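In what follows, a structure is listed as structure tokens, so that the remarks can point back to it.
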Amino acid sequence: MTNNIFYPHKEIFKHPEFKNMCEYEDKVKEFEKDYEGTWAKLAKEKLTWFKDFDKTLDESNAPFYKWFVNGKINVSYQCIDRHLETKKNQAAIIWEGDNGEKKVYTYLDLYKETNKFANLLKSFGVTKGDRVVLYMPMIPEATFAMLACARIGAIHSVVFGGFSAEALKDRILDAKAKIVITADGAFRKGKPYMLKPVVDKALEGVECVEKVIVVERNNEDIKWNERDVSYNELIQSQSSKCEAEIMDSEDPLFLLYTSGSTGKPKGVQHSTAGYILWAQLTMEWVFDLKPNDTYWCTADIGWITGHTYIVYGPLAAGGTTLMFEGVLTYPDSGRAWKMIEEHRVNQFYTAPTAIRLLHKMGANEPKKYDLSSLRILGTVGEPIDPPAWKWYYEEVGQNRCSIVDTWWQTETGGHMITPLPSATPIKPGCATFPLPGIFAEIIDENGNKMESDEKGLLCITKPWPSMIRTIWGDSERFVNSYFGTAKKDGKPVYFSGDGAIYDEDGYIWITGRVDDVINVSGHRMGTAEIEASIQKHPDVAEVAVVGKPDEITGEAIFAYIVLKNSENLGEEVELIKALNNIVKRDIGNIAKISDVVFVPGLPKTRSGKVMRRILRAIAKGEEIKQDTSTLEDPSVVEAIINAVK
Ligand code: WT7
């Protein structure tokens, strides 16, 4: 913690609602005084309801909270229709392709494209509550598809394009999807890549899927199977009018699979009204999004950041969202800055891992471009280290922009802990304070608030509108995963899985996951999932995976492996290759093992539990300070240290 360094930014704009910390505190107090009333007021003011809700919050079946009970609303209507009167010709989406090609869709265009897609889905019998899986590149059709689902009440589940066929299959089966939407492929670093063959493989033996809608993006030859249909062909004849389905506040809007500390990925289920309220509100509060702003979030729509802060938030707030197909370092490390200059981007939102890479590849690149349009810079996904923060602030933001270090999760739907631009005095690498309405607290398991400098559990002690509603098909796991760790005043509260510390000024510093979840380039992965995959190799007797600090990716995958027969070690290189291939097959390219160490045994307690703390310490190259006397075989620690050397 770089506790005493403040970077009070020079104000180049006034936030309409939070000009200073007093206004922030007033809003926090308003929620403290009348929690439900304040949320109700915001929901009425910010959203367009088909029918008003009769109760703000129903806690009778906690932790299955219900918000804005019996309200009727439609998310695509929030994002499109209600803006048509004033913003028909305003750009809703600006898209830039890998090769620099540009397309602009106004709100009227978006209305038409979404409706056509909605009608296409309807023509295949998709109705309210059906699940539609998207396996898509970063092209505008992905956004149309998401909004089209929302329009007719279908539940979308977007699967990141970096996941393997196996991983895609698991998600399709778990959601029992009726439709899969994909593209033949797309472009990355000047080269075409394919998605459709992955879908073909994923769908082998899968019966629930009735149709596969294929957007022909890169015109590569693909195999057309019986259930495949061409979007490009069928979309032409669809009507551009489709009535928005009347949805209940609590109807599921989407599922998004994410990794937990144990078992299979979980289908995080989000709601309709509460989700869209917070998506819009945080766009206004945290990014100060104004109608004439061009806002750019570099995430992929396969992650929650892409859902809330490329699609739903900016559109609900009536802004212009920039969507980018390519990678920030292609054709060179000036690409991002060039795009900011060309599109006059006002808010730029990216991940620390990208900032570190851009810094490393071209520390002086930002200077070569006109970045004067920038007002707010955001980061998300992992703690940002002070050197990266400093470069972002000084070189990209030119000591002029506010940095918002936003802490949140797939499960929270939107930002939870973050500075408010122009109001919160910032400390580099610190997420600072909870947003008004969010009761984030660092406590122990019994709800006692931690003293400053004492690490505790980061919990949200009151329900909030955009929170996860359940895990799809497994409500028991939902309760256990999130409400089984900490209590406050005897009531189970939401535990994030992260540890955190208050500093002496009451600022919140996130210290990272305290469970067996690792964060590689801002991608969340369960060590259990990776272990289960490695375990499939016939030579592997036992495996334990931990995160190891990495200069660029934040954490890297470090695997300790016990072989059934250590004589195999002659073929080490081949074996490591084979292990990587298994993980690539089961999870995808995003789960690349960075270190493999073959060890004679794992450090286990007498009851057989692997002591991961020791393995984490060894991976970090730290001295072992823990007491190892409770281990079944303390000598194994020495042997592992030697193997790592
Ligand atoms: C985990 C959630 C939220 C969208 C991207 C990731 C870590 C997220 C920060 C931050 C420190 C952060 C946490 C969290 N995390 N933002 N600003 N500072 N850590 O979503 O895949 O659900 O991962 O990412 O560990 O629990 P996710």
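We count ligands from 1, going down the list as the structure has it; atoms in each ligand are counted the same way. We count residues from 1, following the sequence as given. Treat the numbers as computed from the prediction; the structure is a model and nothing was measured.
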Numbered atoms of ligand 1 (with element) below 4.0 Å of [X], judged on heavy atoms:
X: Val380; answer: 3 (C), 4 (C), 5 (C)
X: Pro383; answer: 11 (C), 18 (N), 19 (N)
X: Arg524; answer: 2 (C), 21 (O), 22 (O), 23 (O), 27 (P)
X: Ile304; answer: 4 (C)
X: Asn519; answer: 7 (C), 24 (O)
X: Thr305; answer: 4 (C), 5 (C)

Shortest protein heavy-atom distance from atom 2 (C) of ligand 1, along with the residue and atom involved |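 Nearest neighbour among protein heavy atoms for atom 2 (C) of ligand 1, to 0.1 Å: Trp408 O, 3.7 Å.
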Note the single closest protein heavy atom to atom 14 (C) of ligand 1, along with its residue, its atom name and the distance in Å.
->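 Nearest protein contact, heavy atoms only, for atom 14 (C) of ligand 1 is Asp498 OD2, 3.1 Å.
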Pair [X] + [Y]: basic N to acidic O under 4.0 Å:
X: Asp251; Y: Arg469; value: no
X: Arg375; Y: Asp288; value: yes
X: Arg356; Y: Glu382; value: yes

Looking at Phe558, does the NZ or CZ of Lys548 lie under 6.0 angstrom from its six-membered ring centre and within 45 degrees of the ring axis?
->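 No, a cation-pi geometry is absent between Lys548 and Phe558.
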Asp300 side-chain N/O to Gly302 backbone N/O, donor-acceptor pair under 3.5 Å =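 Pair found, side chain donor or acceptor close to backbone of Gly302.
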Tyr392 side chain vs Pro352 backbone, donor-acceptor pair below 3.5 Å =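 Answer holds: no.
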Are any of the N/O atoms in Asp405 less than 3.5 Å from those in ligand 1?
->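 Such a contact does occur with ligand 1.
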For Arg513, is at least one N or O under 3.5 Å away from an N or O on ligand 1?
->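 There is such a contact, yes.
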To which of Met525, Gln409, Glu382 does the heavy atom nearest atom 12 (C) of ligand 1 belong?
->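 Closest candidate by heavy-atom distance is Glu382.
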Nearest candidate to atom 16 (N) of ligand 1, where distance is taken over non-hydrogen atoms, out of Ala431, Ala299, Gly381 |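 It is Gly381 whose heavy atom sits nearest to atom 16 (N) of ligand 1.
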Please say which of Asp174, Asp474, Asp586 ends up in a salt bridge (charged side-chain N to carboxylate O under 4.0 Å, His left out) with Lys264.
->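 Only one of Asp174, Asp474, Asp586 forms a salt bridge (charged side-chain N to carboxylate O under 4.0 Å, His left out) with Lys264, namely Asp174.
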Test Tyr312 against every option in Thr143, Thr321, Leu253 by the side-chain contact (heavy atoms from CB on, under 4.5 Å) rule and name the one that passes.
->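 Answer after filtering Thr143, Thr321, Leu253: Leu253.
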Reference residue His415; test ring pair (Phe, Tyr, Trp, His ring centres under 6.0 Å); the match among Trp278, Trp407, Tyr349, Trp464 |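 Answer to the ring pair (Phe, Tyr, Trp, His ring centres under 6.0 Å) test with His415 among Trp278, Trp407, Tyr349, Trp464: Tyr349.
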What do we get for Thr410 next to ligand 1 when only non-hydrogen atoms under 4.0 Å count, side chain, backbone, both or neither?
->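 Thr410 to ligand 1: contacts from backbone and side chain alike.
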